[in-house]
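The structure presented is a predicted model; accordingly, all values stated were derived computationally and were not measured. The basis for the numbers below is simple: all heavy atoms, side chains too, and nothing from hydrogens, waters or symmetry mates.
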Amino acid sequence: MAAFIYVGTMSVKPGRLPALRKQLAELVDFVETNEPRVIAFHAYLDDHGDKLTMVHVHPDSASMEFHMQVNAKHFATAFDNLDAVISEQYYGAISDALAAELAKWGDPAIAVTRMPVHEAGFTRSNIR
């Protein structure tokens with residue numbers, strides 16, 4: 001079975017980068033501690049600290065569903081430091097439950113790409 005991958009890009013509120021960095025460190029620690037099925041969870045900033053991209057790699061959409069449930073507290077305060085979601089990309093099959101959860105957050109102004117069909121590829125783990 002192919003992984004489920006999320007890539008989301010958001011704009012950072014002016015002057016909020018230091019607070020965002022603290023918030024991201026707490027979020028990464030929380031995910032690493034409480035979501036053992038997550039394969040990868042990364043946050044990337046552009047050179048100016050104006051945009052943040054989050055990349056999640058889950059073994060399946062059930063892992064992403066769990067992520068959405070256990071991180072409700074973090075989602076509630078995420079936009080203290082972020083302006084808006086610019087784009088979201090979903091790769092892999094999306095369960096009906098995850099589709100329903102994502103629909104709660106949907107905004108027609110956000111560019112969303114969904115690529116549910118995994119055609120080919122592989123994932124390596126335990127590579128050093």
Student: Is there a side chain to side chain contact (heavy atoms under 4.5 Å, CB included) between L20 and K13 once you walk through the steps?
Tutor: CA-CA 9 Å; L20 176 64; K13 285 183 178 175; over 6 Å; no
Student: Measuring from atom CG of L82 to atom OG of S11, what distance do you get when rounded to the nearest 0.5 angstrom?
Tutor: 7.0 Å
Student: Measure the CD-CG distance between E88 and D107 for me, rounded to the nearest 0.5 Å.
Tutor: 9.5 Å
Student: Does a side-chain heavy-atom distance below 4.5 Å link P116 with I94?
Tutor: no
Student: Taking V31 as the starting point, is it possible to reach M10 by hopping between hydrophobic residues whose side chains are less than 4.5 Å apart?
Tutor: yes
Student: Is V28 reachable from V38 through a run of hydrophobic residues whose side-chain heavy atoms are each under 4.5 Å from the next?
Tutor: yes
Student: Please determine if R16 and D83 form a salt bridge, counting it only when a charged side-chain N lies under 4.0 Å from a carboxylate O.
Tutor: no
Student: D80 and Q23: side-chain donor and acceptor closer than 3.5 Å?
Tutor: no
Student: As an exercise, state the distance from CG of L98 to CD of E65, rounded to the nearest 0.5 Å.
Tutor: 5.0 Å
Student: Could you tell me whether a side-chain N or O of T53 sits under 3.5 Å from a main-chain N or O of Y44, the two making a donor and an acceptor?
Tutor: no
Student: So do L45 and L17 actually touch side chain to side chain, heavy atoms under 4.5 Å?
Tutor: yes
Student: Among V7, L24, T9, find the residue that satisfies the side chain to side chain contact (heavy atoms under 4.5 Å, CB included) test when tested with M54.
Tutor: L24
Student: Given the rule in the side chain to side chain contact (heavy atoms under 4.5 Å, CB included) test, do Y91 and V57 qualify, once you have shown the distances and angles that lead to the verdict?
Tutor: CA-CA 9 Å; Y91 300 92; V57 180; over 6 Å; no
Student: Has the side chain of D29 got a donor or acceptor atom that lies under 3.5 Å from a matching backbone atom of E32?
Tutor: no
Student: Less than 6.0 angstrom separating the ring centers of H67 and F41, yes or no?
Tutor: yes
Student: Please evaluate residues E35 and N71 with respect to the criterion side chain to side chain contact (heavy atoms under 4.5 Å, CB included), reporting the C-alpha separation (whole Å), side-chain torsions for both, the decisive distance (0.1 Å), and the verdict.
Tutor: CA-CA 10 Å; E35 298 184 54; N71 280 283; 2.6 Å; yes
Student: In Å and rounded to the nearest 0.5 Å, what is the NE2 to CE distance from H56 to M64?
Tutor: 5.5 Å
Student: For H58 versus S63, what's the shortest heavy-atom pair and its separation?
Tutor: ND1-OG, 2.7 Å
Student: Quick check on side chain to side chain contact (heavy atoms under 4.5 Å, CB included): which of Y90, F4, Y6 does S61 satisfy it with?
Tutor: F4
Student: Looking at M68 and L102, what are the two nearest heavy atoms and their distance?
Tutor: CE-CD2, 4.0 Å
Student: Can you check side chain to side chain contact (heavy atoms under 4.5 Å, CB included) on T77 and E26, steps first, answer last?
Tutor: CA-CA 12 Å; T77 60; E26 292 168 1; over 6 Å; no
Student: Side-chain heavy atoms nearer than 4.5 Å, only ILVMFWY residues, links allowed to pass through others: does that put I39 and F30 together?
Tutor: no
